[in-house]
Amino acid sequence: MVAQYKCIRTYVRVCLAGLRGGRRRGQACPPGVKLGYGEASRRTRRPVGNAAMAYWLFKSEPATWSWDQQVAAGAAGTFWNGVRNHLAKKQLMAMQVGEQGFFYHSNEGKAVVGLVEVIRPYYPDHTDETGRFGMVDVRAVKALPRPVTLDAIKADPVLAEMVLVNNSRLSVQPVTEAEWARVCALGGLG
DNA sequence: GCCAACGTTGGC
DNA sequence: GCCAACGTTGGC
């Protein structure tokens, strides 16, 4: 295995490049190779042993981009472009691959209709001429059996602190674990 | 760096 | 379609 590389240094460099992400090379680093400490933190940019997952909410006007379109995009997902607000950008930048978010229909519908998963971390938004904003890729995970309406969210004391209630204009929002569980329950999941 | 004017979002 | 809330812009 190692012999295919000119030397062990080249081999380790290739492995590290794979770990840093960017494009997947299709091959994990073979076992038995010590990459040294810091591997996990390089992978996740989070302290080792802290696997806390964050939750999010993505707003979209169905006339612009609907849940049905998101579902149709399938496992390959789509980029979530168009964010032009620095607070929303901050949320996008904090997202980790594998984290989930609500898909919320604003204007028409006004309800959480499904769950999405982040499948690519923050990278530049090619539709932003200023070059200041970025985006992530998301894919549809599943629809809520029962959409959770804004009215239902506002009526629920557990959800009184949701950003959706208090700063409804923010297009990408953080969601607490308790809020996540509650909305999922109201939607007929879990 | 303040702040008025303006534009946009999104609930109603 | 109205308008409150919020963010951005640009003159000073």
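A sub-4.0 Å separation between OP1 or OP2 of B/dT9 and a side-chain N or O of A/Lys110 is absent. A close approach under 4.0 Å does occur between a side-chain nitrogen or oxygen of A/Tyr104 and OP1 or OP2 of B/dG11.
Residue A/Ser106 places its side chain closer to B/dG11 than to any other of B/dG11, C/dT8, B/dT8. Candidate nucleotides C/dT9, B/dC12, B/dG10 were compared by shortest atom distance to the side chain of A/Glu61, and B/dG10 ranks first. Side chain of A/Arg169, nearest nucleotide from B/dG11, C/dA5, C/dT8: C/dA5.
The interatomic distance linking A/Asn166 (CG) with C/dC6 (C1') rounds to 14 Å, in whole Å. Separating the CZ atom of A/Phe58 from the C1' atom of B/dT9 is a distance of 19 Å, rounded to the nearest angstrom. Spacing between atom CG of A/Asn167 and atom P of B/dT9 amounts to 14 Å, rounded to whole angstrom units. C/dG7 atom C1' lies 10 Å from atom CZ of A/Phe133, rounded to whole Å. In this structure, the CG atom of A/Leu170 is 18 Å from the P atom of B/dT8, given to the nearest Å. Between A/Arg84 atom CZ and B/dG7 atom C1' the separation is 16 Å, expressed in whole Å. A/Leu164 has its CG atom 11 Å from the C1' atom of B/dG11, to the nearest Å. Atom CH2 of A/Trp65 and atom C1' of B/dT9 are 21 Å apart (whole Å).
A/Glu99 and A/Trp56 share a donor-acceptor pair across their side chains, judged by distance under 3.5 Å alone. Side chains of A/Asp128 and A/Thr130: a donor-acceptor N/O pair is present below 3.5 angstrom, by distance only. Side-chain atoms of A/Arg84 and A/Thr127 form a donor-acceptor pair, as typed in the model, at a separation below 3.5 Å.
Contact annotation for A/Asn85: backbone-only contact, meaning every heavy-atom pair under 4.0 Å involves sugar-phosphate atoms and none involves a base. At a threshold of 4.0 angstrom between heavy atoms, the contacts of A/Leu150 are confined to the sugar-phosphate backbone, with no base atom among them.
Rounding to the nearest 0.5 Å places CH2 of A/Trp80 at 4.5 Å from OG of A/Ser60.
In this structure, A/Ile153 and A/Val112 have side chains that are in contact, with non-hydrogen atoms separated by less than 4.5 Å.
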